[in-house]
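One structure is given below, encoded as structure tokens.
Numbers here are sequence positions counted from 1.
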Amino acid sequence: MTTFDKREQGFEAKFAHDEEFMFKAAARSNKLLGLWAAGQLGLSGDAAASYATALVTDHLESRTIDDVVGKVSGDLADKGVVREQVAQKLQECLHQALAQLEADKQ
């Protein structure tokens with residue numbers, strides 16, 4: 001195996017690792033957002049957990065950030081929560097999820 005082949009394998013492995021890490025971060029941030037939204041909706045216990053889990057698992061492979069924000073802001077519209085607030089909360093949840101994943105690695 002040449003040096004070039006080894007470097008190529010290294011880059012491919014790093015890319016795969018980074019993609020997996022971002023997938024985990026997105027799933028965790030969606031769950032955190034779901035738990036926050038459930039609280040805003042007055043849900044608790046199993047109902048809150050189910051709402052958060054559904055936000056993560058529904059259309060897992062095709063759901064974009066915009067879809068997630070749209071779903072949650074639609075659910076919270078009657079509570080006076082606007083889309084921008086949901087988008088801001090999702091950013092906070094993503095930062096929290098990244099911190100949690102980094103802590104898990106140590």
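Cluster annotation: V81 is connected to L90 through the hydrophobic network of ILVMFWY side chains, with a link wherever side-chain heavy atoms come within less than 4.5 Å. In the hydrophobic clustering of this structure, L43 groups with V68; members are Ile, Leu, Val, Met, Phe, Trp, Tyr whose side-chain heavy atoms approach within less than 4.5 Å, directly or through other members. Under the 4.5 Å side-chain contact rule for hydrophobic residues, L55 and M22 do not share a cluster.
Rounded to the nearest 0.5 Å, atoms CD (E12) and NE2 (H17) are 16.0 Å apart. Here the OG atom belonging to S29 is positioned 10.0 Å from the CD atom belonging to Q100, to the nearest 0.5 angstrom. In this structure, R28 CZ and L33 CG are separated by 15.0 Å, a value rounded to the nearest 0.5 Å. Rounded to the nearest 0.5 angstrom, T53 OG1 and D58 CG are separated by 10.0 Å.
Nearest heavy atoms, L41 versus D75: CD2-O, 3.4 Å. Taking each heavy atom of A37 and V72 in turn, the nearest pair found is CB-CG1, 3.7 Å. A25 and A97 get closest at one heavy-atom pair: O-CB, 3.6 Å. Of all heavy-atom pairs spanning G34 and Y51, the tightest one is O-CD2, 3.4 Å.
More than 12 heavy atoms of other residues, nucleotides or ligands lie within 6.0 Å of CG in D18, so this atom counts as buried by the packing criterion. For F21, the CZ atom is densely surrounded, since the number of other residues' heavy atoms within 6.0 Å is greater than 12.
Contact check for R83 versus V86: no side-chain heavy atoms found under the 4.5 Å cut-off.
By the 4.0 Å N-to-carboxylate-O rule, D104 lies too far from K24 to be salt-bridged with it. Using a 4.0 Å cut-off between a side-chain N of Lys or Arg and a carboxylate O of Asp or Glu, D67 and K71 do not qualify as a salt bridge.
Formation of a donor-acceptor pair under 3.5 Å by the Q85 side chain with backbone atoms of V82 is found in this model.
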For this session: Kindly indicate, with the supporting measurements, whether the criterion side-chain contact (heavy atoms from CB on, under 4.5 Å) is fulfilled by L94 and L32.
Result: CA-CA 8 Å; L94 180 58; L32 292 170; over 6 Å; no
For this session: Test side-chain contact (heavy atoms from CB on, under 4.5 Å) on Q91 and H95 and set out the steps.
Result: CA-CA 6 Å; Q91 285 299 314; H95 289 292; 4.2 Å; yes
